[in-house]
Amino acid sequence: AGERVEVVRIATVAYPNEGRTAYNGAAAVIAGRGWLEKDLQKLGIRLEWVPVPVQSVGASVNEAFANRSIDFAAYGDLPSVILNSNGVETRLIVPGGKGNNVYLVVPEGSAATSIRDLKGKRIALHRGRPWEFSFTRLLEANGLKLSDFKIANLNPQAGAAALAAGNVDAFVALSDAFLLADRGLGRIIWSTKLPDQGWKMRAELWGAKDFVERHPEIAQVVANAYVRAAHWISRDENAAEFIRLSAASGHPESTLRQEYADDSVGWKARWEPAFDAALADHYRHVAGYALDARLIRKAPDTDRLFDARFVRAALKELQLESYWGAPPAAPRAGR
Amino acid sequence: MNARAGIAAGMFDAMADAVPAGALQIRGLSKSYRIGGQAVKVLDGIDIDIAPGRFVSIVGPSGCGKSTLLRLVVGLDDGYAGDIVLDGRRITSTSLDRGIVFQDHRLFPWLTVEENIGLALAALDLPPDEKARRVAEHIALVNLTGFARVYPHQLSGGMAQRAAIARALVNEPKILLLDEPLGALDALTRVRLQRELQRIWMQHRSTMIMVTHDVEEALYLGDEVIVMDARPGRIRRRVQVPLPHPRDRASRVLHALKDEILDELTVAPSGPDGRD
Amino acid sequence: MNARAGIAAGMFDAMADAVPAGALQIRGLSKSYRIGGQAVKVLDGIDIDIAPGRFVSIVGPSGCGKSTLLRLVVGLDDGYAGDIVLDGRRITSTSLDRGIVFQDHRLFPWLTVEENIGLALAALDLPPDEKARRVAEHIALVNLTGFARVYPHQLSGGMAQRAAIARALVNEPKILLLDEPLGALDALTRVRLQRELQRIWMQHRSTMIMVTHDVEEALYLGDEVIVMDARPGRIRRRVQVPLPHPRDRASRVLHALKDEILDELTVAPSGPDGRD
Amino acid sequence: MSFVDSRLRGWRERALTCVSPLLLLLSWEWACRAGLFPEQLLVSPGTVADAFMGLVDDGELQSHLQASLHRLLAGFLAGSALGLAFGVLMGLSRTAENICSPLFNVLRQVPSVAFIPMLILAFGIEETFKIVIVAKAAFFPVALAAYDAVRGIPRSHLEVAKVYRLPLPAMLRRIVLPATVPPVLTGLRLGLGRSWMVLVVAELLAADSGIGQMMEMGRQMFRIDVVMVGVMLTGVIGFALDRGFRVLEARLVRWRRC
Amino acid sequence: MKAWLEPLLRSRFLQGAILPLACIALWELVSRQGKVQSYAFVPVREIFGSLLELLASGTLLLNLLATLQTAASGLLLGGLAGIAVGGLMGASRLADALIGPLFHALRQVPILGWLPLIGLWFGNGDFPRLLIVCLAAFHPLVLNTYEGVRSIEQRYLEVGAVLRFGRLQRLRYVLLPGALPSVLTGVMHGLAFSWIATVGSELLFATGPGLGGLMQTAQAASRMDVVVICVAGIGVVGYGMHLGFALLGRYLLRWRSVR
Ligand SMILES: Nc1ncnc2c1ncn2[C@@H]1O[C@H](COP(=O)(O)OP(=O)(O)OP(=O)(O)O)[C@@H](O)[C@H]1O
Ligand SMILES: Nc1ncnc2c1ncn2[C@@H]1O[C@H](COP(=O)(O)OP(=O)(O)OP(=O)(O)O)[C@@H](O)[C@H]1O
Ligand SMILES: [Mg+2]
Ligand SMILES: [Mg+2]
């Protein structure tokens, strides 16, 4: 306990949609059903969603954390490592499941079938964005480095245009890859859907360390809502509804469906808020990469960033302890 | 009106060679301006014939349309009714044959006196040193030697007017229109420039039309003095001056004509609305 | 120079009350302009005393510094040597007591005639309808009725000049400086405005200083005519006109004086460098 | 006397010129020391200077700067020259104005960012594309300024030109140019500002080098000191270029009385 | 030339239509070149269909109004501030020397450089976006007002001195009207800049309604037809505002004697 909290501010990716602000992922469900709002109201606390535009999530959220203008945020992996290495401490409260897929697209007529064929070629990749990491893990696995390619730093829209125009030989994309494929402009030659390559792009719920330490009860309420949302989404009967909600981002439902289809990770498992070994491994890798790429000057001990107690409590409270199977062997939880 | 103009031009074209240079015919000229949303007639039914090489003075009350008339003759405005025909051709635009001294001097503030005067030669195909010579000569003519490199804002009112005269004279137009060119000059300078104007006029046998408020000046220089009336601007009287040039300022004939014209100008105007 | 000015001002301050309104004293005034990098003396050793309520005319060759002198008196330029003292106070800036008609009319192009004239009353604390009345009255005075709502570019040269006169008169300054105010006007309008100027002057007993190139006009209106010389501008002669107002234009005295002054103006100038 | 006066005034003005930047610097330093904002976000001038030196030592700054300046100059020069010509043409010719002005005024209102996909199709993703974007940003303000300036030339000036039947080159050099110097220079200054801005956006969206890219990566990496180096640098360079325009203006309007 | 054709070709309206029509024709031509070209250059018929759809659903109008509102407030606030600052700098040498250097230096810093600081000071809501739009309108108006005031002829300032205008009168009767032509040019710049800035900032950081947001969402969905409609709509609406201001300008500058 500390001083009285009147408002809880959660930053989340938002899109303009039909003249209103639409949130993505779990926030869409939580906000849509008003769960968290009600629970907080019971404590006399107001909930404030802080929408962040999709183009600069990492930087905006990091600045907001540093400026103490938000308490929680659901966002990507690399930015949180950067933030913590700069001395603004945050904690991972609720993992975001297995994450989103990253794709490698080549022009329709290209002969390339794997990343190795593209060595020395020109690849469109928006630098500094979360999918860069997934891509570098692919390279690593193939014994390649970014410097083996001519990287054209292009944002997704420009990248798509460049691929269509044949200005690049490949394009690292998110689910927009399907749009290019559907139009016959590009062909997907690799994605994180492949079974042995679980390097999906992650986004989880983070909380400001100060806040979480001082107000664990509030953090618990927030965590409950996110776990509850993960549970709701993960039920097969809600998948269609969730995809419909997600389409507010502009990505047509068809691409979203393709994004989730044929994945080595099943729908239910995809949403499990698990502090598992893969998560810990992922963050260690992210930190190592960031250090190697000189994005940060010293790597934080990523294991210390996890605070698993809230998820554990939430699963218990929601009686979901066995929903996703036996609780995994938890990594060393923070403190 | 375009069709009409075409016919008129064609007709006169045929006679063009027969007519000597600098003959001006104005027929049924009238001109309106829009003031505050309604058309106000500024010139009405003007007929003037000026034989080549004549010196015509125009006098008339302030605002009677003298400057407007000169603007039309020089070809700056084609929104009028009637015909202005020069050497058999309808005037449709400006020409280097027609020069003008504007009532406000209109020197370009960013050019020095000599550059301003030199500008009048820009369209002529002359060697640069010939241009420079002519400019220098005309600067001397209007007594501005020593001020060649000076900007207009550093000139006095009369000096600017003299520079404007030099600019109009320097390319020796066939017809020269002068809008109160000597208005801002002292008596001595004025007399000198009158003499110069007359000399140039006699030398080139060019046609000159000068607006002035000085009846004495009008008579001293003009073969003919046109007296105008205001609202709308009309021709009230045309006075021939039957004296050879150069003239004697003290001439009895001139004085008699002067009194006559002054009388004409100072009686109650005969404007239809009786204003002014 | 500032220190000197302070002392002078202090000295004259003490006498301020004793001197009646509109008395102008100019002592050892000289003024230089920088032309092309070097200082050129435009006015040199000017001494003038004008008693309150006098009408002084200034004539002189073009470029002799008449306009410069008026600029200094009205207070637009303080970069001069010597003293200009009005009613015991050194002139350091402009004042509503001193009005001026500039040689170029300087109407604001963005205001209509009536707005331009009304502007002269902007700094006065008068009720709006009184202001409107005065403006209308002065528009009528200079014969521009009907043109109140017209913009300057729609005026003829003479009309603009008349509007400028109205602007200078409308706030009834104690000293009025007129720089060739009637230069662009026809004989009739000119005579009318001369009469009006005289009437206003006699009525308000204000001090007036008028630059003109018309010696007859200078004599007809002036109690005194100052004849200037050029390069540098100096006072050549001061001619008193010992006739009561209003005067008869045909007066023998005036004619004699006119010939005298014209002679003075048209003999070879006595400038030290002999130019012009 | 007045000569010395004006010399003194010049010095005083130069001294005054430094006041506001100094004040800003001081208040910045003070805000850092007072800890008004988190140190990660409001870095102190000293840190920025360190970051600057670090980037210079790496040679990173020089290469970014070179890339940006090259794009800026090429794009700005091309765009403003075209804009100038186009604006003058529209200002002088009614027909050109009638034909071009609707499309011109429509395109003028559209952000360059919106054109990026089309520009990539047309110009690829190399330097040409970035230069074209910068040129577009300079073109429109300069063209508009030139057009308005030419349209604003008093009728009396143009009439004199007509009377003396000035040939087009003389007309442009002797009348149009001097009569429009201040407004056109204002347009150029605006255009330069726009060019900078669009360049940085373009570098952010689609480039591997340049000050904009450096700033964006700095932001992503939460290195506000690097961002501030960019801010200071763009400010100083922009200011220097702007001063250049001022000097140019002073030379070109020497005739004006002040 | 055929007699009926001539007046048609002379009509201002039709002359103005030549280039846009040519552009549309060219567009259509390019779009038929192949898959790749039709990615960015969507066939005109498709665009038209989507336009009807967007109009019918009210989406376009809704987003347009939101953008208009931001742009208008930005132009108004930023513009007025710009006129004030520019006028001050133009009228007072002291102010020019004091504010000028900082203004000219800061002016050149791209807005993206400010983002971290703006976020720091003003958070992440609508206000920073409005601030960006205000700044976009602010700069041209400062520059143009400054230039306008500075280019007022000395002789008019002297008239003001002779008539003993107070500060306010000088401002109202001499400085403002004298600078007006230039200020109006500044407004024209500011109009476009604030409009561009609104859309641009929506494009880059939109989370709410606005044409930029609509465009952004459409881009994400690769709906290039909607993107093109947005671009065209942005241009056309901007042009409409331009015409409005041009008309206003013509009225306010009726005293000018120009070509
Ligand atoms: N551009 C214009 N728009 C509207 N009216 C105009 C315009 N130019 C002149 N006028 C009007 O036309 C009339 C004649 O003007 P003009 O300049 O020809 O007179 P003027 O005879 O030269 O007079 P002055 O001797 O005073 O110069 C005036 O009443 C004036 O108001
Ligand atoms: N701003 C200036 N800079 C430099 N020289 C100037 C300036 N103003 C006037 N002069 C010079 O001062 C001299 C006197 O000018 P002024 O205007 O006083 O003459 P003036 O007597 O009024 O002549 P006019 O009868 O022709 O109007 C001229 O030689 C002129 O070149
Ligand atoms: Mg006239
Ligand atoms: Mg004078």
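All values derive from a computational prediction rather than experimental measurement. The chains referred to below are lettered A, B, ... by the order of the sequence lines, with proteins before strands, and numbering in each begins at 1.
Counting heavy atoms from C-beta on, the side chains of E:Leu19 and D:Pro102 never come closer than 4.5 Å. The shortest side-chain heavy-atom distance between E:Gln108 and D:Ile237 does not fall under the 4.5 Å cut-off. When side chains are defined from C-beta on, E:Cys23 counts as touching D:Leu103, because their heavy atoms get closer than 4.5 Å.
Here OG1 of D:Thr186 is found 11.0 Å from CZ of E:Arg150. Values are rounded to the nearest 0.5 Å. Note that the CG atom of E:Leu143 and the CG atom of D:Asp242 stand 7.0 Å from one another [nearest 0.5 Å]. Taking CZ from D:Arg189 and OH from E:Tyr146, the interatomic distance works out to 7.0 Å, rounded to the nearest 0.5 Å. Distance check: E:Glu147 CD to D:Leu185 CG gives 8.5 Å after rounding to the nearest 0.5 Å. One finds the CZ atom of E:Arg107 at 12.5 Å from the CH2 atom of D:Trp196 (value rounded to the nearest 0.5 Å). In this structure, NE2 on E:His189 lies 10.5 Å from CZ on D:Arg194, to the nearest 0.5 angstrom.
Chain D forms more heavy-atom pairs under 4.5 Å with one residue of E:Gly200, E:Pro140, E:Cys230, E:Ala17 than with any other, namely E:Pro140. Of the listed residues (E:Ile196, E:Val231, E:Leu106), the one with the most heavy-atom contacts under 4.5 Å to chain D is E:Ile196. Taking chain D as the reference chain and counting heavy-atom pairs below 4.5 Å, the highest number among E:Val30, E:Val236, E:Asn144, E:Leu253 is found for E:Asn144.
Proximity to chain D is absent for every atom of E:Phe103, based on heavy atoms less than 4.5 angstrom apart. Of the two parts of E:Met241, neither the backbone nor the side chain holds a non-hydrogen atom closer than 4.5 Å to a non-hydrogen atom of chain D. Of the atoms belonging to E:Ser182, not a single heavy atom falls under 4.5 Å from chain D. For E:Met215, the part sitting under 4.5 Å from any heavy atom of chain D is the side chain, from C-beta outward, and nothing else. Residue E:Pro181 does not touch chain D at all, counting heavy-atom pairs closer than 4.5 Å. Only the side chain of E:Val228 comes within less than 4.5 Å of a heavy atom of chain D; its backbone N, CA, C and O stay farther away. Within the 4.5 angstrom heavy-atom criterion, atoms from both the backbone and the side chain of D:Ile99 approach chain E.
Nearest approach of E:His104 to D:Phe239, heavy atoms of both residues: CB-CD1, 3.8 Å. When all heavy atoms of D:Pro111 and E:Val199 are compared, the pair lying nearest together is CG-CG1, 3.7 Å. Between D:Arg108 and E:Met188, the shortest heavy-atom contact is NH1-O, 3.3 Å. Minimum heavy-atom separation, E:Pro101 to D:Pro21: CB-CG, 4.3 Å.
The environment of CZ in E:Arg32 is sparse: at most 12 heavy-atom neighbours from other residues, nucleotides or ligands sit within 6.0 Å.
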Side chain to side chain contact (heavy atoms under 4.5 Å, CB included) between E:Leu184 and D:Asp148, intermediate numbers included: CA-CA 9 Å; E:Leu184 281 170; D:Asp148 259 9; over 6 Å; no
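A donor-acceptor distance shorter than 3.5 angstrom exists from the side chain of D:Ser20 to the backbone of E:Leu98, with no hydrogens or angles considered.
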